[in-house]
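Encoded as structure tokens, here's the structure I'll be asking about.
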Amino acid sequence: MTPAWRHLPRALRLETSSPWTPKTCPSLSLGAFWRSVTKLGLHTKPRMPPCDFTPERYQSMPYSRVLEVYREHLSPELVYFPEPLLLHQGHMQWLFDHEGNRYLDFFSGIVTVSVGHCHPKVNAVAQKQLGRLWHTSALFFHPPIHEYAEKLSALLPDPLKVIFLVNSGSEANDLAMLMARAHSKNTDIISFRGAYHGCSPYTIGLSNVGQFKMTLPGAVGCQSTMCPDVFRGPWGGSHCRDSPVQTIRKCSCAPDCCHAEDQYIEQFKDTLSTCVGKSIAGFFAEPIQGVNGFVQYPKGFLKEAFQLVRERGGVCIADEVQTGFGRLGSHFWGFQTHGVLPDIVTMAKGIGNGFPMAAVVTTPEIAKSLAKCVLHFNTFGGNPMACAIGSAVLEVIKEEKLQENSQEVGTYLLLKLAKLQDEFEIIGDVRGKGLMIGIEMVKDKCASLKASFVSTAAPAAPVTKDVPQASICPGKTSSPPTGCTTTSQTSRQPLPREEVSQIHEDCRQMGLIVGRGGLFSQTFRIAPSLCITKPEADFAVDVFRAAVTQHMERRAK
């Protein structure tokens, strides 16, 4: 059932009775922006969908002072955009900055705001609990924690029924590592290259993205294995992943027999034979990799990998920090899309719609093994505020059918974005499931794939050096050879970071916020709140197409 507040009248543009009217075109004035667009040859600017919410007027620190405080007193962290956004207010899928500019948020606070910014029901529950009881501890009972535990456990299959509540994804994965070692009595834990499982002293060993690695020793017992990436890896093609959209690389795999999966499993076996002991503690896997650009694995890979890990005495941990709570549409949990049953599940981000909350869910046997080794205690984990908010999030997902919306609108968005691969030579791969979509940018997929085809043909034909520079993809009349490999790495060379940054900034200028990911920051990460609509998906596609078109015209000049 659609809640009553969703039926409020929608104006064609924001209206307010105050003298201050929010803008729908960010940063640039309408005239300046229009001139910048028409100069590049576009005929129309994507029209932002209406919004029925009027933000408050910003009355806090001036922007210049905010920058000074950041530089002087806050830890240096990654900041998006040349001119960092100063956000003031949020409403569902929308964000508003200090100048009243409106943005469609397609990154949801790094895949965190699951049901929408300041969702009315979640707000009301939080305010009610705030006036009743903020905090106690695990030493005392309070109804919200028991109510939440009952609701969450009902969403997980047996025997995953014992819940440990903590505050963040890193803390959840820390605890899961401790559980795995306590239960197995072993040390070695394996994770994929490209994985991100946190940045705490323990989990930094599991996070295999260069910028999160340290030159100092630490994280003993953590080993990496090849990521089974069917686009960027050595094997994989057009039948290998669980997605409405497949990679353009051709392969001879059948729907029920993936040769790429066999090859990647051999690499996993090699890791087990050479890099870890005969017995191991466990294996961490995100059902879809997050920070690495929403990378998907071949169908069947995790099922076979889990079996190999258990044969070595290890436990299998599913990191659902980004994939859980209905985001993938077809299932509530990402591990269900692989047909596997983990021994431990970690979750955070969307669990609290942005409130600092996380959980580890495991079996009674593993929970008992942990209790024999250590008295686990968490001061803030499972506090009344977090549990009340967590319950409200679960209720909203169910009442507003947000998992179903993720499936319907996410598939609609994914298929529309996939069409852009045929239009632009620099869009190498579009992938994902539900509302977790990656767009990987490359230097020139079409020319290089054509070169790859010609180089393997018999007899060899001369290769022209005159590669078309237009945005329309050349070389469509012939296909690359079949098989699970490509002969040229050129087709997967990432678009230079500065070029990706310009497209990213152009999207922002038109009112769309998307994320970045990948080992080379070459992939756009699209993960909006689960409440988005098809008109908003259309707007996002139009903006992205316009931004890439602008880039191609700049490149041609």
Side-chain angles (χ1 to χ4, degrees), residues 75 77 110-112 137-138 149 152 156 160 162-209 211-214 216-224 276 280-287 289-292 309 314-324 334-335 342-352 355-363 365-383 386 390:
S75 61
E77 296 177 355
I110 314 183
V111 203
T112 298
S137 77
L152 183 61
L156 288 146
L160 295 167
V162 184
I163 301 168
F164 294 75
L165 293 169
V166 292
N167 305 291
S168 72
S170 292
E171 191 176 356
N173 285 332
D174 251 355
L175 180 56
M177 293 177 75
L178 193 60
M179 286 179 177
R181 287 169 171 161
H183 185 69
S184 67
K185 302 296 189 292
N186 298 316
T187 300
D188 289 329
I189 299 179
I190 300 170
S191 61
F192 286 131
R193 291 170 202 146
Y196 179 82
H197 297 289
C199 209
S200 64
Y202 254 18
T203 59
I204 201 168
L206 298 176
S207 295
N208 299 306
V209 180
Q211 64 196 56
F212 297 104
K213 287 297 186 184
M214 293 180 62
L216 302 175
V220 175
C222 296
Q223 301 291 342
S224 70
V276 295
I280 63 174
F283 169 52
F284 267 80
E286 304 162 89
Q289 280 193 338
V291 170
N292 197 21
V309 168
V315 300
C316 300
I317 302 102
D319 181 339
E320 295 276 357
V321 170
Q322 295 192 35
T323 53
F335 68 79
D343 303 295
I344 302 172
V345 180
T346 62
M347 55 194 77
K349 291 186 181 287
I351 190 174
F355 192 87
M357 183 183 187
V360 182
V361 185
T362 189
T363 67
E365 291 74 20
I366 293 176
K368 289 175 184 176
S369 296
L370 179 68
K372 291 176 183 178
C373 293
V374 65
L375 174 62
H376 178 264
F377 180 79
N378 188 298
T379 298
F380 297 105
N383 68 77

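In this text, all values refer to a predicted model and were calculated from it rather than measured experimentally.
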Practice prompt. Of all the heavy-atom pairs spanning Ala180 and Ser184, show the shortest one and how long it is.
Written response: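 Nearest pair, atom of Ala180 first, then Ser184: O-OG, 2.7 Å.
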Worksheet entry | Heavy-atom pair with the smallest gap, counting every atom of Ala318 and Pro342 |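 Heavy atoms of Ala318 and Pro342 come nearest at CB-CG, 3.6 Å.
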Discussion item. Distance alone, cut at 3.5 Å: any donor-acceptor contact between the side chains of Glu286 and Asn292?
Written reply: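 Distance-only check fails for Glu286 and Asn292.
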Worksheet item: Which distance, rounded to the nearest 0.5 Å, do you find between the CG of Leu160 and the CZ of Phe335?
Response: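 Reported value, rounded in 0.5 Å steps: 6.0 Å.
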Worksheet item: Does Thr379 offer a backbone N or O that forms a donor-acceptor pair with the side chain of Ser137 under 3.5 Å?
Response: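 Answer holds: no.
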Worksheet item: Once you round to the nearest 0.5 Å, how far does CD of Glu171 lie from CZ of Phe380?
Response: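 It is 10.5 Å, given to the nearest 0.5 Å.
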Fill in: Closest contact, heavy atoms only, Ala172 versus Ala358
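Minimum heavy-atom separation between Ala172 and Ala358: CB-CB, 4.3 Å.
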Item to complete: Could you pull out all residues at least two apart from Ser75 that satisfy side-chain contact (heavy atoms from CB on, under 4.5 Å)?
Response: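 Listed in chain order: Glu77.
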Practice prompt. For Lys185, look at atom NZ and say whether over 12 heavy atoms of other residues, nucleotides or ligands are found less than 6.0 Å away.
Written response: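 Correct, the count exceeds 12.
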Discussion item. Taking Ile110's backbone N and O only, do any of them form a donor-acceptor pair with Lys349's side chain (distance below 3.5 Å, no angle check)?
Written reply: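 Yes; at least one donor-acceptor contact below 3.5 Å.
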Practice prompt. Test Ile344 against Phe164 for side-chain contact (heavy atoms from CB on, under 4.5 Å), laying out the working first.
Written response: CA-CA 11 Å; Ile344 302 172; Phe164 294 75; over 6 Å; no
Discussion item. Given 3.5 Å as the limit, does a donor-acceptor pair link the side chain of Ser369 with the main chain of Ala182, or not?
Written reply: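 Not a single qualifying donor-acceptor pair exists.
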Worksheet item: Which pair of non-hydrogen atoms, one from Val209 and one from Gly194, has the smallest distance, and what is that distance?
Response: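 What the structure gives for the nearest pair is CG2-O, 3.6 Å.
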Item to complete: Give, for atom CG of Asn173 and atom SG of Cys199, the distance between the pair rounded to the nearest 0.5 Å.
Response: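 Asn173 atom CG to Cys199 atom SG measures 12.0 Å (nearest 0.5 Å).
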Fill in: Heavy-atom closest pair, residues Ala176 and Thr346
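Looks like CB-CG2, 3.6 Å.
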Discussion item. Under the side chain to side chain contact (heavy atoms under 4.5 Å, CB included) test against Val315, which residue among Asp343, Val309, Thr362 passes?
Written reply: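 Only one of Asp343, Val309, Thr362 forms a side chain to side chain contact (heavy atoms under 4.5 Å, CB included) with Val315, namely Asp343.
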Discussion item. With rounding to the nearest 0.5 angstrom, report the CG to CG distance, Leu175 to Leu370.
Written reply: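 Answer rounded to 0.5 Å: 6.0 Å.
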Discussion item. Nearest 0.5 Å, please: how far is NE2 in His183 from CG in Leu178?
Written reply: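 If we round to the nearest 0.5 Å, Leu178:CG and His183:NE2 are 13.5 Å apart.
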Worksheet item: Can you tell me how far CE of Met179 sits from CD1 of Ile366, rounded to the nearest 0.5 angstrom?
Response: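 Reported value, rounded in 0.5 Å steps: 8.0 Å.
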Item to complete: Search all heavy atoms of Pro287 against all heavy atoms of Glu320 and return the closest pair with its distance.
Response: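 Looking at all heavy atoms of both residues, the closest pair is CG-OE2, 3.5 Å.
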Worksheet item: Which pairs with one or both residues in residues 186-201 pass side chain to side chain donor-acceptor pair (under 3.5 Å), sequence neighbours excluded?
Response: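 Side chain to side chain donor-acceptor pair (under 3.5 Å) check on residues 186-201 returns Asp174-Ser200, Ser191-Asn208, Arg193-Ser224, His197-Asp319, Ser200-Thr203.
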